[in-house]
Amino acid sequence: MHSSLRRLTPLFAAVLIPALGFAAEPGPAEIFNQRILPIFRSPNPSSCVECHLAGVDLKNYIRPTHEETFLSLRDQGLVDLQNPRASKILRLISMKEGKTDGAALLHEKVRAQEMAAFTAWLEASARDPKLRAAPKLAPAALAKPARPNEVIRHARTDRILQSFEETIWAQRFRCAGCHLPGSAENAKLVLKHGEEVNWLHADADSTMRYLIASELIDTKQPERSLLLRKPLEEAKHAGGKKMVLGDLGYKAWRSWIDDYAKTLGDGYARAADLPARANAPATFPSKIGLKFTNTAPEWAERLLQVTVYPRNATDSAWDTEPIAVSDRLVSGKMKLWQHELLLLARRDSPRAKQWKQQAATLPPGRYLLRVHVDRANRLATTWQAPMGESELVGETIIESKWPAGYGAMTTVDAATIRREK
C-alpha cells in the first residue's frame, strides 16, 4: 500500500482505496481458509512422507481455525514472531532427501505449495497484534503428532537406511556371488531366471529401495519374507542354504525386516517400544577368512560362533569388547568350519569412521578366540537369543596377519580350543 494512504483514517481509506483500484491484502483467516485448510482436509499425505515412513504429517500441526493453529505453533516454538520466514515449522517443511527421481519431483511440488501457503499465512498472522499477544493454549489443545520425537526420528528414511547398512548390507557377501551383477555365476543365473536375480545393487540405498519395492519382503508377515525363506531353504533356492535360524545373518536380516514392517505400520507408540540399538556396535563386512579344522564330532551340523578379542592397548590384557565375530554350521563330514569375519567397532569411534571410508581390516598380532557351539540347537526355536555360557566350548589364542581372500584363510586346529575347568 502507498505510504500516503496509510495515514488515512480507517473509514476514509475503506471508501477511497477500492475507488483507486487498490485490493486490500488478505488477512490471516482468509489465507488460512483458502490455502491451509485444504492441506488439513486433503486425503493425500503431505511432503513429510518423503523423509518419514510414519509418525508425522503436516496435518498434525493444523487445527480447524487459524487462531488455534497459529497459537499452537507459536506456543511450541515453531513460529518466529520477529522473522516469520525463519520459523521452525518452515524449516521442517523444507527438509527433503535430495533425490531426483519421479517420486521426489512429486514431493517437491507438494512441498513448494506447502511452503508458499504457510509462509504467506505466518507473515499475515505475525502482523496481527491480537494473535501475537493472545494467551497460551492449554497443553491439551496443542496440535502436534501423537508419537513422541524419538519415534518420529526412528521412522526417518535415513535412519532406516543406516539400520539397513548395519544389518543386511553389512552381511551382503553371503549372497553377492549370485545376486550382485558382474560375475560369471550371476550372468548364468540371470540368463536362467531373469533380472529379478539381481536384488543386490551397487550401494545400500538403491538395494534397500529395490527390496522394499519387490516381493522379497513381506511387511504383513515379516518372518515369511522370501529374503529370509530362500537362504534358509524354506523356499526353493538355487544357491542352497546360506543361513540358519538364530545365526548372525538371520538375526540381522530378520531384525531389520521386523523393524521396517513395524515402522511402516506405525507400530511404535512409545520410545520404550523402539528396538535397543544405541549400545550395539557398528558392523563391517570383510574378506578376512577364518577356518577351524579337526572339529569335534559333537559339533557336526551345529552352529558355531567365534568371537575375536584384541589386546587392550593400555594394560596388554584382552579387550572386553570384541573386534570381530562370525558364525556358520560346522561340516561334520569334513570336520571343518570356515567363514569370513564381520568386524565390529563402537559407533562414531575412530575405527568405525576409518572402516566406513575404506575396506575393513584387522592389524596383525595376537588375538583371543572364544568359541560357542549350539549343540542343543537352542537358537532354532529362540532365534533372538545370544550364544550363552551353556554354548561356550572354549577359547584359544592365535597370532595372525589376517590376510584377505578365500585362499588365504587363517587356519586354527580346533583341538587347541579348550575350556578352563
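One is the number of the first residue; the rest follow in order along the sequence.
Legend: ring pair (Phe, Tyr, Trp, His ring centres under 6.0 Å) pairs involving residues 334-357, not counting sequence neighbours, sorted by first then second residue: F284-W355, F292-W337. Evaluation of the ring pair (Phe, Tyr, Trp, His ring centres under 6.0 Å) test over residues 361-380, restricted to residues two or more places apart or in two chains, returns Y367-W402. A ring pair (Phe, Tyr, Trp, His ring centres under 6.0 Å) check over residues 30-53, counting only residues at least two apart or in different chains, returns the pairs F32-W121. Identified under the salt bridge (charged side-chain N to carboxylate O under 4.0 Å, His left out) test for residues 175-191, with sequence neighbours left out: E185-K188. The side-chain hydrogen bond (donor to acceptor under 3.5 Å, both in side chains) contacts involving residues 226-244 comprise nothing, where partners must be two or more places apart or lie in separate chains. Residue pairs that meet the side-chain hydrogen bond (donor to acceptor under 3.5 Å, both in side chains) test with at least one member in residues 77-89, sequence neighbours left out, are R85-E123.
Under a 3.5 Å cut-off, the side chain of S349 and the backbone N or O of A345 do not form any donor-acceptor pair. Side-chain N or O atoms of D247 include one that pairs as donor or acceptor with a backbone N or O of Y250 at under 3.5 Å. Side chain of S255 to backbone of A252: a donor-acceptor contact under 3.5 angstrom is found.
Using a 4.0 Å cut-off between charged side-chain N and carboxylate O, R270 and D273 make a salt bridge. Of the charged side-chain nitrogens involved, at least one lies within less than 4.0 Å of a carboxylate oxygen, so that R111 and E50 count as a salt-bridged pair. Taking a cutoff of 4.0 Å between a charged side-chain nitrogen and a carboxylate oxygen, K96 and E108 qualify as a salt bridge. With salt bridges taken as basic N to acidic carboxylate O contacts below 4.0 Å, none links D128 and R132. Residues K59 and D57 are paired through a salt bridge, judged by an N-O separation under 4.0 Å between the basic side chain and the carboxylate.
Closest approach of Y309 to D319, counting heavy atoms only: CD2-O, 3.2 Å. Looking at every heavy atom in both residues, D259 comes nearest to P275 through OD1-CG, 3.8 Å. Shortest non-hydrogen contact noted between D348 and A352 is N-CB, 4.1 Å. When all heavy atoms of P64 and E68 are compared, the closest pair comes out as CD-OE1, 3.9 Å. Of all the heavy atoms in E114 and S46, the pair that sits closest is OE2-CB, 3.2 Å.
Annotation: side chain of N186 is not in contact with side chain of L180 (no heavy-atom distance under 4.5 Å). Between P145 and I152 the shortest side-chain heavy-atom distance falls below 4.5 Å. At least one side-chain heavy atom of L122 sits under 4.5 Å from a side-chain heavy atom of L90. The shortest distance between side-chain heavy atoms of F118 and I36 falls below 4.5 Å. Considering only heavy atoms from C-beta on, M208 comes within 4.5 Å of I212 through its side chain. Inter-residue side-chain proximity for L392 and V371 is flagged as unmet; no heavy-atom pair is nearer than 4.5 Å.
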Stepwise side-chain hydrogen bond (donor to acceptor under 3.5 Å, both in side chains) test for R351 and Q354: CA-CA 5 Å; R351 182 184 293 159; Q354 176 186 349; over 6 Å; no
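If you take OG on S326 and CD on Q171, they are separated by 8.5 Å, rounding to the nearest 0.5 Å. Between N44 atom CG and I39 atom CD1 the span is 11.5 Å, to the nearest 0.5 Å. Rounding to the nearest 0.5 Å places OG1 of T295 at 8.5 Å from CG of L304. Distance check, rounded to the nearest 0.5 Å: CZ of R378 to CG of L303 gives 11.0 Å. Between atom OG1 of residue T157 and atom CD of residue Q162 there is a gap of 12.0 Å, rounded to the nearest 0.5 Å. In this structure, I62 CD1 and L73 CG are separated by 8.5 Å, a value rounded to the nearest 0.5 Å.
Checked against ring-ring contact (aromatic ring centres under 6.0 Å, His included), H201 has the following partners two or more places apart in sequence or in another chain: Y210. For A261, the side chain to side chain contact (heavy atoms under 4.5 Å, CB included) partners at least two apart in sequence or on another chain are T219, P222. Applying the side chain to side chain contact (heavy atoms under 4.5 Å, CB included) test to V151 and every residue at least two apart in sequence or in another chain returns R147, P148, Y268, L274. Applying the side chain to side chain contact (heavy atoms under 4.5 Å, CB included) criterion to Q338, with sequence neighbours excluded, gives K291, L336, Y406, M409. Judged as a side chain to side chain contact (heavy atoms under 4.5 Å, CB included), and not counting sequence neighbours, the contacts of T283 are E166, A170, L342, L344. R346 meets the salt bridge (Lys or Arg N to Asp or Glu O under 4.0 Å) test with E321; sequence neighbours excluded.
Figure legend: R302 and W299 shown without cation-pi pairing, the cationic atom not lying both under 6.0 angstrom from the six-membered ring centre and within 45 degrees of its axis.
Of the residues R370, R419, R418, the one that meets the side-chain hydrogen bond (donor to acceptor under 3.5 Å, both in side chains) test with E395 is R370. The side-chain contact (heavy atoms from CB on, under 4.5 Å) test with I288 is passed by exactly one of V308, T410, L341: L341.
The distance between the ring centers of W256 and F164 falls below 6.0 angstrom.
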